[in-house]
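Every chain is numbered from 1, with letters handed out A, B, ... down the list of sequences.
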2 protein chains.
Amino acid sequence: MTMDKTLLAGSTAMLILKLLDGQDMYGYQMIAELAKRSDDTFHLKAGTLYPLLHGLEKKKLLESYEKQTDSARIRKYYRLTPKGKKHLHEKTEEWEVFSHAIHQVLKGGLCCEHI
Amino acid sequence: MTMDKTLLAGSTAMLILKLLDGQDMYGYQMIAELAKRSDDTFHLKAGTLYPLLHGLEKKKLLESYEKQTDSARIRKYYRLTPKGKKHLHEKTEEWEVFSHAIHQVLKGGLCCEHI
DNA sequence: TAATATATATCGACAATCTATATAAGGAGG
DNA sequence: CCTCCTTATATAGATTGTCGATATATATTA
């Protein structure tokens, strides 16, 4: 199914933070990992990811460091900061409230019709 | 809780269509009804709703008609068209896939880590 | 050596929401 | 009677988030 890209709005940052909660990763890896974990539902574009990472770093939610791999190639890894972890927690709760509310409306709303 | 407004992106139209699935409504009523059905999570602004309604009408997903109420005031009611109903159905399925995918990622993704 | 995959980055376009503002009618309170 | 608040519809401008296109460079494979 073709995902409506606008649905992602606002939740992309949360997903990135979640990916980094547990292990450090570099940008390109995140794109693949997100696709994998979401069963190929999310295909984050590079043009979306990199500006987002820079923004999160500026907000001190992430820290980056360069790491030389076996193949002489330098990759830029990102690490979740304590502040980022806190932010992730908040956003996750927000998401729960939000998706529950949507679910509520889609359920028919009949439950609230005559209280 | 202050809802991140961007989370709504893309799903507002679906919610409006859902509200009209069952009964015709006028704009102002939709704002109140959506807040009610979502347990005060969604507070749609007039500046968001009306352009959206006009857009949905232009796309033939909605039809409008004016109705004189008891109080001499004329209200503009909206009705869901068959095309709109079909659209609602599609968007609802899309939402299910999307929210499931988010849930999957937030779950930790550990389940997919070593398959 | 040429094509493809990996890897990071920026810019302009576009879509969706918000705030602010305009307009106007009805009801409540002073 | 007049003012304020709520109801009700509407539009313009600002902001934000995502995408497509493009640029650059290295590594792998054919």
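- A close approach under 4.0 Å does not occur between any side-chain nitrogen or oxygen of A:H43 and OP1 or OP2 of D:dC19.
- Separating the CD1 atom of A:I74 from the P atom of C:dT8 is a distance of 11 Å, rounded to the nearest angstrom.
- Here the shortest heavy-atom pairing between B:G27 and B:L49 reads O-CD2, 3.2 Å.
- Per the geometry, NZ belonging to A:K45 stands 16 Å off P belonging to D:dT22, to the nearest Å.
- A distance-only check finds a donor-acceptor pair linking the side chain of A:H54 to the backbone of A:Y50 [under 3.5 Å].
- Taking atom CG of B:L52 as the reference point, atom P of C:dC18 lies 10 Å away to the nearest angstrom.
- Distances shown here put a side-chain N or O of B:K76 below 4.0 Å from the OP1 or OP2 atom of D:dA10.
- Residue B:M30 contributes atom CE, which lies 12 Å from atom C1' of D:dT9 at whole-angstrom precision.
- Between A:A46 and A:A13, it is A:A13 whose nearest contact on DNA chain D lies nearer the 5' terminus.
- Across all strands shown, A:G47 has heavy atoms under 4.0 Å from base atoms, whether or not it also approaches the sugar-phosphate.
- Between the CZ atom of B:F42 and the P atom of C:dA16 there is a distance of 17 Å, rounded to whole Å.
- Side-chain N/O atoms of A:T12 include one lying less than 4.0 angstrom from OP1 or OP2 on D:dT18.
- Regarding A:Y26, its OH atom lies at a distance of 12 Å from the C1' atom of D:dA27, rounded to whole Å.
- Shortest non-hydrogen contact noted between B:Y78 and B:L20 is O-CD2, 3.4 Å.
- B:L53 has its CG atom 8 Å from the P atom of D:dA10, to the nearest Å.
- Out of C:dA7, C:dC18, D:dG20, the shortest distance to the side chain of A:Y28 is found at C:dA7.
- For C:dT10, one of the phosphate oxygens OP1 or OP2 lies less than 4.0 angstrom from a side-chain nitrogen or oxygen of A:H54.
- In this structure, the side chain of B:K45 engages the main chain of B:H43 through a donor-acceptor pair within 3.5 Å.
- When distances are taken from the side chain of A:R75 to each of C:dT6, D:dA8, C:dC18, the shortest belongs to C:dT6.
- Of the candidate nucleotides C:dC18, C:dA7, C:dA16, C:dA7 has the atom lying nearest to any side-chain atom of A:Y50.
- Of the listed nucleotides (D:dA10, C:dT10, C:dC18), D:dA10 has the atom at the smallest distance from the side chain of B:Y78.
- Atom CG of A:L56 and atom C1' of D:dT18 are 14 Å apart (whole Å).
- Between the side chain of A:T81 and the backbone N or O of A:L61 there is at least one donor-acceptor pair closer than 3.5 Å.
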